[in-house]
Amino acid sequence: MIDELRQYSQEFLASLYRRMVLVREFELRAIEERRGGLIPGFIHSCVGQEASAVGATAALREDDVITSTHRGHGHLLGKGGAPQYMMAELAARSSGYCLGRGGSLHISDFDLGILGANGIVGGGIPIAVGAALAFQMQHSSRVALAFFGDGAVNEGAFHEAANLAGLWALPVILFCENNLYGEGTPQDRQAPIADLAKRAESYGFPGVIVDGNDVLAVYATVKAAVSRARAGEGPTLVEAKTYRFRGHYEGDPQVYRKPGEMESWRQRDPVPAFRQRLLTSGRFDEAALKVLEQGVQAELDEAVAFAAAAPYPEVGEALSGVYGETHGGLVF
Amino acid sequence: MIDELRQYSQEFLASLYRRMVLVREFELRAIEERRGGLIPGFIHSCVGQEASAVGATAALREDDVITSTHRGHGHLLGKGGAPQYMMAELAARSSGYCLGRGGSLHISDFDLGILGANGIVGGGIPIAVGAALAFQMQHSSRVALAFFGDGAVNEGAFHEAANLAGLWALPVILFCENNLYGEGTPQDRQAPIADLAKRAESYGFPGVIVDGNDVLAVYATVKAAVSRARAGEGPTLVEAKTYRFRGHYEGDPQVYRKPGEMESWRQRDPVPAFRQRLLTSGRFDEAALKVLEQGVQAELDEAVAFAAAAPYPEVGEALSGVYGETHGGLVF
Amino acid sequence: MRELTYSEAIREALVEEMRRDANVFLMGEDVGTFGGVWGVSHGMLDEFGPERVRDTPISEIAIVGAGLGAAMMGMRPVVEIMFGDFLMCAGDQIVNQVAKARFMSGGKADVPLTIRVTSGAPGSAAAQHSQSPESWFMNIPGIKIVAPALPADAKGLLKTAIRGEDPVLFFEHKMLYAEKGPVPDDADFTVPFGVASVVREGVDVTVVGVGNMVLKALKAAAQLAEQGIRVEVIDPRTLVPLDKETLIRSVQKTSRVVIAHEAHLRSGPAAEIAAVLAEEAIEYLDGPIVRVGAKNVPLPYSPILEQFVLPDVSDIVAAVASFWKR
Amino acid sequence: MRELTYSEAIREALVEEMRRDANVFLMGEDVGTFGGVWGVSHGMLDEFGPERVRDTPISEIAIVGAGLGAAMMGMRPVVEIMFGDFLMCAGDQIVNQVAKARFMSGGKADVPLTIRVTSGAPGSAAAQHSQSPESWFMNIPGIKIVAPALPADAKGLLKTAIRGEDPVLFFEHKMLYAEKGPVPDDADFTVPFGVASVVREGVDVTVVGVGNMVLKALKAAAQLAEQGIRVEVIDPRTLVPLDKETLIRSVQKTSRVVIAHEAHLRSGPAAEIAAVLAEEAIEYLDGPIVRVGAKNVPLPYSPILEQFVLPDVSDIVAAVASFWKR
Ligand SMILES: Cc1ncc(C[n+]2csc(CCOP(=O)(O)OP(=O)(O)O)c2C)c(N)n1
Ligand SMILES: Cc1ncc(C[n+]2csc(CCOP(=O)(O)OP(=O)(O)O)c2C)c(N)n1
Ligand SMILES: [Mg+2]
Ligand SMILES: [Mg+2]
């Protein structure tokens with residue numbers, strides 16, 4: 001374990017940890033602010049899945065792109081999404097990423113290569129494959145990464161997109177976060193196989209399983225997949241085994257959990273686990289981590305303050321941004 | 001080879017051969033009658049694929065069901081479809097299977113368990129899975145078999161249906177006729193793997209490859225799959241490797257064939273091959289087979305005569321059969 | 001009569017039909033353990049077990065297609081698509097298989113398949129969870145389209161759907177689930193398709209409401225009554241088949257008509273209703289056929305924008321009032 | 001001006017735009033080696049190679065979704081869905097992704113994606129290969145809908161679609177491919193969206209035609225001229241955006257209107273056009289708004305039945321004549 005850490009720089013390890021804390025705390029803060037009334041819409045938090053979100057995105061370049069899901073805050077923050085614009089979007093303000101039009105399910109930042117969260121299970125996968133097609137045609141070294149859940153692999157969209165990606169050896173990583181549930185239905189009642197990485201064989205490319213609660217393992221796995229993709233060797237399906245600690249959405253009574261399951265996964269909570277590892281390695285001390293953690297809190301305080309102070313959209317704004325060209329306003 | 005034949009009764013072998021000749025000759029006759037003007041619509045003939053159609057359907061009981069495809073005449077004849085009603089349907093007569101409303105792409109006979117040819121690639125697979133679900137819920141021993149091509153396995157419908165079938169261990173056989181082309185695009189430019197049976201592993205059930213030009217091999221393979229299904233052990237994906245000898249549709253200039261490919265497959269033409277095998281076995285002589293062949297010709301003569309003499313539908317018939325209940329004619 | 005919510009009325013219809021006929025079953029994403037994301041099938045798993053209240057994978061093509069296959073083999077499946085927004089994931093099965101199976105077979109295939117689906121904007125659910133897709137399949141012959149507004153109609157129409165021989169798209173408006181109303185407890189109470197309901201009588205103007213807009217139309221009518229305008233409110237209840245006669249009769253009397261739905265204005269259900277009236281009842285009309293609906297932009301997340309895009313009581317009031325302001 | 005077929009005009013637009021802009025490419029089932037099942041892209045593989053004329057697997061979700069992703073990354077994909085009937089296989093990508101991508105991003109995403117697709121009944125192709133789906137997505141904000149009738153419009157509108165920043169559903173009517181007409185050879189000839197074309201002037205009655213019904217309307221107009229009825233024929237060319245102004249102006253002059261399309265009558269494009277006229281131009285109308293279209297039954301295989309179901313010149317003639325028979 002200590003060996004494994006040795007290959008990474010101090011800055012990199014710190015940034016991974018900071019980002020994981022940011023994701024965790026962003027979610028908890030958003031949930032709180034939703035209760036407090038700042039945020040009007042639903043939240044599907046990724047608490048428990050920080051390692052997979054952060055590890056995967058850390059393996060990408062800034063000019064690489066991702067497509068995300070309904071459970072996307074971690075992916076976006078990992079890819080560099082700014083907490084204040086995200087929070088402002090959740091708070092439905094015109095300073096939000098999507099000017100208040102998208103909300104949690106649709107946050108995007110094209111400058112950062114975030115092609116969008118998505119409200120349709122599996123809906124982002126073909127889009128990532130299309131982005132990868134563009135990169136291939138442009139002879140660029142950019143890659144695309146599609147995030148999706150264990151439930152999404154049973155959608156036709158996954159299948160068609162994976163087949164096309166394999167056929168054309170596109171530079172795309174299909175990243176499945178297998179958190180054992182799709183809404184209230186356990187994974188083993190949604191598909192007849194438990195290791196979804198296996199499905200890659202149908203599409204002629206490798207499928208890899210990784211401990212989704214181990215940020216370095218995720219990072220290394222995705223890094224290898226990205227190298228393959230950049231080298232023109234085509235896609236990889238990565239399955240990160242993980243678990244979500246909160247309801248499918250905030251308010252979900254979670255009647256479906258198997259007994260003992262939550263407790264056993266709690267033992268493997270990715271954020272304290274990585275924290276402990278950093279301490280054990282001797283390369284970080286308690287004080288240094290506290291500074292990082294306080295930095296996150298400060299950033300989130302600012303993000304919330306920014307969101308709360310941000311203006312609401314003007315009603316008329318609803319009529320703009322549907323089209324690039326409106327032909328004299330005719331399209332409405 | 002001779003050994004293999006020994007396990008089958010004379011009647012069974014004769015009926016297989018007769019049915020293969022029927023399929024081949026039905027197609028050739030239909031093509032001729034289309035040229036002659038009796039048949040108005042398109043024909044996607046299955047010439048070359050008789051062994052897979054006949055072998056697969058021979059393994060089913062009369063109360064089992066199939067869903068078929070645009071290239072469905074062989075499947076239907078195999079399942080017991082009557083040439084005269086099929087020909088009348090192709091000739092757009094009201095004595096046809098679908099009263100002239102369906103045509104080649106939509107022939108069905110619910111009494112024979114033919115749930116329909118289908119104009120949508122992959123469209124019949126979920127339907128077969130649904131039929132199998134009904135059988136399972138009804139505690140019946142019936143099974144469903146879905147025919148589809150190598151092109152169809154890249155559709156989302158295949159994937160979702162296969163996953164459901166595997167998950168619920170439904171009594172269904174997914175029968176893929178891999179004829180190396182989907183329309184004008186070779187299979188190796190449609191999917192990154194050549195052995196499509198492999199895809200079954202994604203759905204937790206067996207995938208089997210069989211020589212689709214060997215009627216007895218197809219029969220035995222499907223028979224085993226049917227036994228599994230009846231025993232409650234769930235689905236099987238059978239991939240029959242075969243080749244179509246004519247265009248995708250009649251009139252297709254076939255610019256896409258690979259050089260030498262047709263010639264090499266011609267060597268393995270399933271109808272003469274099986275004929276030769278019957279002769280070699282010593283259990284049939286030339287004269288006996290001639291009788292069968294002449295019987296087919298007579299049946300087709302009758303079918304064509306029946307179709308040509310059958311009445312056209314009355315125009316008003318177009319307005320019936322859309323609904324079971326029309327609420328006082330309101331629905332039109 | 002006892003009062004039930006719209007949601008309870010739907011559950012009661014499902015439960016009664018499942019008790020009555022062993023061939024009826026319910027299948028969809030999270031309809032079992034979860035009780036449906038809207039709680040409609042709450043408790044049904046306990047009564048009927050996982051065979052007849054089936055949780056499915058997230059696979060809309062398979063859900064609808066399997067429903068069709070099972071329906072053709074003698075079952076009477078009720079399948080649920082969680083949000084109307086996801087209907088298009090199964091679009092091909094609905095349009096090309098379910099709707100056409102009977103006709104293509106020469107009228108021989110029975111397709112007793114009910115597709116339950118939610119419509120409407122529940123508030124800040126944004127563009128992919130707020131749509132009202134009632135008109136998306138109206139151009140497709142072979143499938144019936146039902147959109148109840150009142151609890152009793154929800155129960156009675158769902159029973160008609162389940163007992164019928166044809167496929168039905170059954171739209172349940174999310175914002176109606178908690179609304180209460182009287183519901184007959186006769187287990188054989190059904191509501192026929194193709195019969196509009198005159199929810200309020202009036203002589204000055206006809207307001208046709210679809211789904212939740214029936215309730216808004218009633219509120220508008222109450223407000224307008226104070227100004228002396230007597231509004232007739234009509235709920236078509238089924239869009240396919242459409243009860244033209246009742247609509248035309250009303251317009252004959254009032255000579256003014258407003259058609260309101262939550263769907264986007266362009267090519268929503270009102271387009272067809274307006275076209276029917278413009279074709280068959282124009283001589284009775286004393287002014288334009290006014291449509292009220294969501295503006296032609298995707299549903300925004302922000303409540304301010306969303307309220308601006310969605311039609312409300314005041315839009316109906318304004319549309320009606322416009323007849324006297326020309 | 002030189003004459004081209006509709007098919008040649010479309011190919012010319014594709015070829016010219018691909019020569020002009022390296023980001024434009026064509027992708028779809030059998031568009032390459034086969035040259036497209038309708039022959040439209042014949043020869044293009046030779047000129048542009050398999051990178052830019054891409055044969056795809058039979059995977060409509062992937063075709064449209066990949067088109068969207070590529071469009072957002074700076075390409076200008078033209079994707080082909082072989083038959084309009086198959087559009088619903090990719091329904092979700094069209095409705096929830098392609099149409100909404102820009103709005104949901106706050107207006108930031110450019111989606112220069114053209115979806116070429118065929119419509120119409122080519123004769124005995126039966127229920128799943130004969131539909132006219134122009135109205136299926138008209139309720140969806142965010143996607144433009146184009147249905148050219150004449151070769152020049154086909155060329156000019158396709159260029160506008162490819163050069164534009166928004167997703168477009170581009171409907172090519174199968175029975176028009178072989179029709180000839182004058183087509184400008186200026187490589188920068190484009191036709192704007194939202195501008196209807198008055199294809200024939202007249203003062204007695206307006207006939208609005210969609211797609212192939214424009215040609216049938218012209219034939220009907222010629223027949224009716226012999227009886228002294230002067231028909232104005234209007235081709236909206238784009239259904240979204242719709243040029244209401246030209247339609248209203250014509251109706252103002254003629255006070256009678258027939259709207260004709262090959263799509264099924266219920267909730268076809270004419271429903272929306274009729275609703276617009278009934279809302280904004282009813283005071284000019286001297287009679288009902290008459291719709292001509294396919295009967296509300298799936299397209300039958302049998303030619304006799306099919307002809308009965310499909311609208312033809314005689315139906316337009318009868319609809320127009322009905323104004324003088326009341
Ligand atoms: C096409 C579609 N079907 C259903 C839904 C409703 N839904 C939203 S999230 C979800 C579960 C997704 O499960 P999974 O892919 O495992 O992701 P997770 O929520 O576990 O992160 C469902 C069923 C949807 N949004 N889109
Ligand atoms: C959803 C859909 N996409 C495309 C088509 C057009 N099409 C008809 S048959 C065919 C090829 C099918 O290939 P395969 O499944 O291998 O069957 P085969 O024709 O070889 O028997 C295509 C692309 C269709 N009918 N349906
Ligand atoms: Mg999950
Ligand atoms: Mg094939």
Side-chain angles (χ1 to χ4, degrees), chain B residues 65 67 89 94 96-103 105-111 115-116 118-120 122-138 140 142 144 155-157 159-165 167-168 170 320-332, chain C residues 22-23 25 27 51-52 54 56-75 77 89-90 92-93 96-113 141-144 160 164-167 192-195 238 240-245:
Chain B
V65 303
T67 60
E89 185 62 31
S94 66
Y97 263 125
C98 311
L99 287 59
R101 293 178 206 162
L105 287 178
H106 306 296
I107 296 177
S108 59
D109 181 339
F110 285 77
D111 295 332
L115 307 193
N118 211 307
I120 300 295
I125 312 175
I127 300 172
V129 166
L133 171 61
F135 301 155
Q136 188 186 65
M137 292 182 77
Q138 292 157 353
S140 146
R142 297 166 76 185
E155 282 280 1
H159 177 68
E160 295 192 16
N163 183 65
L164 197 73
L167 179 68
W168 291 347
L170 297 177
S320 71
V322 183
Y323 302 94
E325 303 153 274
T326 62
H327 314 286
L330 272 182
V331 272
F332 299 108
Chain C
N23 293 317
F25 69 101
M27 165 163 82
E51 271 281 300
R52 293 183 69 201
R54 303 184 85 95
T56 65
I58 312 172
S59 308
E60 289 76 12
I61 303 174
I63 294 170
V64 173
L68 170 57
M72 295 200 301
M73 291 299 98
M75 305 301 287
C89 290
D92 178 68
Q93 285 290 324
N96 284 321
Q97 312 296 345
V98 168
K100 296 179 172 54
R102 180 185 291 268
F103 184 81
M104 295 188 307
S105 72
K108 294 172 189 170
D110 281 335
V111 185
L113 170 65
I143 188 154
K144 296 172 183 175
T160 301
E165 299 309 325
D166 294 311
F193 287 0
V195 181
T238 62
V240 179
L242 182 69
D243 178 1
K244 299 180 187 185
E245 220 178 285

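First the proteins, then the strands, lettered A, B, ... as listed; each starts at 1.
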Check your understanding: Can any side-chain N or O of B/Gln136 pair as donor or acceptor with the backbone N or O of B/Trp168 at less than 3.5 Å?
Key -> yes
Exercise for review: Using non-hydrogen atoms and a 4.5 Å limit, figure out which bit of B/Phe110 sits close to chain C: side chain, backbone, both or neither.
Suggested key: side chain
Practice item. Measure the CG-OG distance between B/Leu115 and B/Ser108 for me, rounded to the nearest 0.5 Å. Key: 8.0 Å
Practice item. Select, from C/Gly67, C/Ala22, C/Ala70, the one with the greatest count of heavy-atom pairs under 4.5 Å involving chain B. Key: C/Ala70
Exercise for review: Return the option, out of B/Ala134, B/Gly324, B/Gly96, B/Gly328, with the maximum number of heavy-atom pairs under 4.5 Å with chain C.
Suggested key: B/Gly324
Practice item. Name the member of C/Gly107, C/Ala66, C/Pro57, C/Pro167 that forms the most heavy-atom pairs with chain B at distances under 4.5 Å. Key: C/Ala66
**Study point:** Rounded distance (nearest 0.5 Å) linking atom CZ of C/Arg102 with atom CG of C/Asp110
**Key:** 4.5 Å
Check your understanding: Can you name the closest pair of heavy atoms from C/Pro192 and C/Thr160 and give their distance?
Key -> N-OG1, 4.3 Å
**Study point:** Taking every non-hydrogen atom, the tightest pair across B/Ala144 and B/Ala128
**Key:** CB-O, 3.4 Å
**Study point:** Most chain B-contacting option - heavy-atom pairs closer than 4.5 Å, from C/Cys89, C/Ala109, C/Pro77
**Key:** C/Ala109
Check your understanding: What distance separates C/Met72 CE from C/Leu113 CG, expressed to the nearest 0.5 Å?
Key -> 10.5 Å
Review point. Which bit of C/Ile143 comes within less than 4.5 Å of chain B, counting heavy atoms only: side chain, backbone, both or neither?
Key: backbone
Check your understanding: Looking at C/Met104, C/Lys108, C/Glu165, which one has more heavy-atom pairs under 4.5 Å with chain B than the rest?
Key -> C/Met104
Exercise for review: Measure the shortest side-chain to side-chain distance between C/Gln93 and B/Ile127 over non-hydrogen atoms and say whether it is less than 4.5 angstrom.
Suggested key: yes
**Study point:** Residue, of C/Glu60, C/Lys144, C/Glu245, that accumulates the most heavy atom pairs under 4.5 Å with chain B
**Key:** C/Lys144
Exercise for review: Select one option (side chain, backbone, both, neither) describing which atoms of C/Ala101 are under 4.5 Å from chain B's heavy atoms.
Suggested key: neither
Check your understanding: Distance-only, no hydrogens or angles: does the C/Thr238 side chain make a donor-acceptor pair with backbone N or O of C/Gly194 under 3.5 Å?
Key -> yes
Check your understanding: What option among C/Arg52, C/Arg54, C/Lys100 has the most heavy-atom pairs under 4.5 Å with chain B?
Key -> C/Arg54
Check your understanding: Does any heavy atom of chain B fall under 4.5 Å from the side chain of C/Gln97, the backbone, both, or neither of them?
Key -> side chain
Revision key, fill the gap. In terms of heavy-atom contacts, C/Pro112 and C/Gly164 come closest through CB-O, 3.3 Å
Review point. Tell me, side chain or backbone of C/Asp166 under 4.5 Å from chain B's heavy atoms, or both, or neither?
Key: both
**Study point:** Atom group of B/Gln138 that falls short of 4.5 Å from chain C, counting heavy atoms
**Key:** side chain
Point to revise | Pick from B/Ile120, B/Leu133, B/Leu164 with the largest number of heavy-atom pairs that fall under 4.5 Å of chain C | key: B/Ile120
Exercise for review: Name the region of C/Leu242, side chain, backbone, both or neither, that has any atom closer than 4.5 Å to a heavy atom of chain B.
Suggested key: backbone
Review point. With a 4.5 angstrom heavy-atom cut-off, which part of B/Asp109 approaches chain C: side chain, backbone, both or neither?
Key: neither
Study note, to complete from the structure: Nearest heavy-atom approach of C/Gly106 to B/Leu99 is O-CD2, 3.8 Å
